[in-house]
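Everything numeric here is computed off the predicted structure, so don't read it as measured data.
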Amino acid sequence: AKLLSGSLPAESGNIYWRGREISTEDLSKEVGYVSKCVLEYDKGDTVYSYMEKYAEKYGDKESDDIEQALEKAGLLIFKDCPLERLSAISKQKMLIAQALLPSPQLLVVEELTAGYDFVHFREIMRILYRLNKKYQVAVILTTHDIEVMLEYTRRTLVLLEGKLVADALPIDIVTIP
């Protein structure tokens, strides 16, 4: 996940994206990365002002781009809300919104749903589903939860010590020895 997001440099080999070789720096502009980290912000930041600061990373992002990212993450109605007043689930949505800012075609989501109750878990998964279906954003979800894998994925890759050991339908992963 970190290699795809550009936050970890490749030690060897090449990365190919959409049929062409690409650097991790360029890849990070085309791939949104949602980590399981805590949202860090300055006291007094609102949802919108935080996104403006984050947008500077991508150059001249228009206010429409920020509002679209907030809309896709289900946060537009909170744009004037101070970040310290947001619930934990809304802060998690902020991580999704900032990953959507460069308008990626691929979103890499790292253990995003761990630690949430069923209602909040489903809310996050609905956002990811909508991003995929309505906006054609491919989603790679890293998870250790077999139930999540079975219910929400169409294809499953299993890694063991950094090596690909299976690439199959989710049901085949749990039923075929």
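- Closest approach of Arg20 and Glu30 over heavy atoms only: NH2-OE2, 2.9 Å.
- To the nearest 0.5 Å, the span separating OG on Ser87 from NE2 on His120 amounts to 6.0 Å.
- The heavy-atom pair separating Pro104 from Val137 by the smallest distance is O-CG2, 3.7 Å.
- One distance of note links CZ of Phe121 with CD1 of Ile89; it measures 10.5 Å at 0.5 Å rounding.
- Expressed to the nearest 0.5 Å, how far CG of Asp45 lies from CG of Leu39 amounts to 9.0 Å.
- With contacts defined as side-chain heavy-atom distances shorter than 4.5 Å, the pair Met94/Met51 qualifies.
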Between Leu100 and Leu131, does the side-chain contact (heavy atoms from CB on, under 4.5 Å) criterion hold? Intermediate values first, please.
CA-CA 10 Å; Leu100 293 172; Leu131 289 171; 3.8 Å; yes
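- Leu86 has its side chain within reach of Val47: a pair of non-hydrogen atoms, C-beta onward, lies under 4.5 Å apart.
- There is a path of hydrophobic side-chain contacts, each under 4.5 Å, that joins Val109 to Tyr54.
- Between the side chains of Lys53 and Tyr41, not a single donor N or O lies within less than 3.5 Å of an accepting N or O.
- For the atom pair CD of Glu110 and OH of Tyr33, the computed distance is 3.5 Å after rounding to the nearest 0.5 Å.
- Residues Asp65 and Leu101 approach most closely at O-CD1, 3.9 Å, considering heavy atoms.
- Hydrophobic cluster membership is shared by Leu95 and Val148, with clusters built from Ile, Leu, Val, Met, Phe, Trp and Tyr side chains linked at under 4.5 angstrom.
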Counting only pairs under 3.5 Å, give me each side-chain donor-acceptor contact of residues 161-177, with atom names and distances, residues two or more places apart or in other chains.
| residue | atom | partner | partner atom | Å |
| --- | --- | --- | --- | --- |
| Asp167 | OD1 | Arg155 | NE | 2.9 |
| Asp167 | OD2 | Arg155 | NH2 | 2.7 |
| Thr175 | OG1 | Ile171 | O | 2.7 |

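- Proximity of a side-chain donor or acceptor of Thr46 to a complementary backbone N or O of Ser49 within less than 3.5 Å is detected.
- Closest approach of Glu40 and Tyr50 over heavy atoms only: O-CE1, 3.2 Å.
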Would you mind writing out the side-chain donor-acceptor pairs for residues 70-82 within the sub-3.5 Å range, not counting sequence neighbours?
| residue | atom | partner | partner atom | Å |
| --- | --- | --- | --- | --- |
| Lys79 | NZ | Glu67 | OE2 | 3.0 |

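- Glu52 contributes atom CD, which lies 5.0 Å from atom CD1 of Ile66 (distance to the nearest 0.5 angstrom).
- Environment of CD1 in Ile146: sparse, with no more than 12 heavy atoms of neighbouring residues, nucleotides or ligands closer than 6.0 Å.
- Between Gln92 and Ile127, every side-chain heavy-atom pair lies at or beyond the 4.5 Å cut-off.
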side-chain contact (heavy atoms from CB on, under 4.5 Å) between Val34 and Gln98, worked out:
CA-CA 8 Å; Val34 183; Gln98 72 184 34; over 6 Å; no
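- Following chains of ILVMFWY side-chain contacts shorter than 4.5 Å, one can reach Val158 starting from Leu150, so the two form part of one hydrophobic cluster.
- Looking at heavy atoms from C-beta onward, Leu106 lies in side-chain contact with Val108 at the 4.5 angstrom threshold.
- Put simply, CG on Leu128 and CE on Met125 are 5.5 Å apart, with the number rounded to the nearest 0.5 Å.
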From CA spacing to verdict: side-chain contact (heavy atoms from CB on, under 4.5 Å), His144, Met149
CA-CA 8 Å; His144 290 87; Met149 180 266 304; over 6 Å; no
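- Within a 6.0 Å sphere centred on CD of Glu21, heavy atoms belonging to other residues, nucleotides or ligands number more than 12.
- Cluster membership check: Tyr135 shares its hydrophobic cluster with Leu141, using side-chain heavy-atom separations under 4.5 Å among Ile, Leu, Val, Met, Phe, Trp and Tyr.
- The two atoms that bring Ala99 and Leu107 nearest to each other are CB-CD1, 3.6 Å, heavy atoms only.
- Across all non-hydrogen atoms, the minimal contact from Ser63 to Tyr48 is CB-OH, 2.9 Å.
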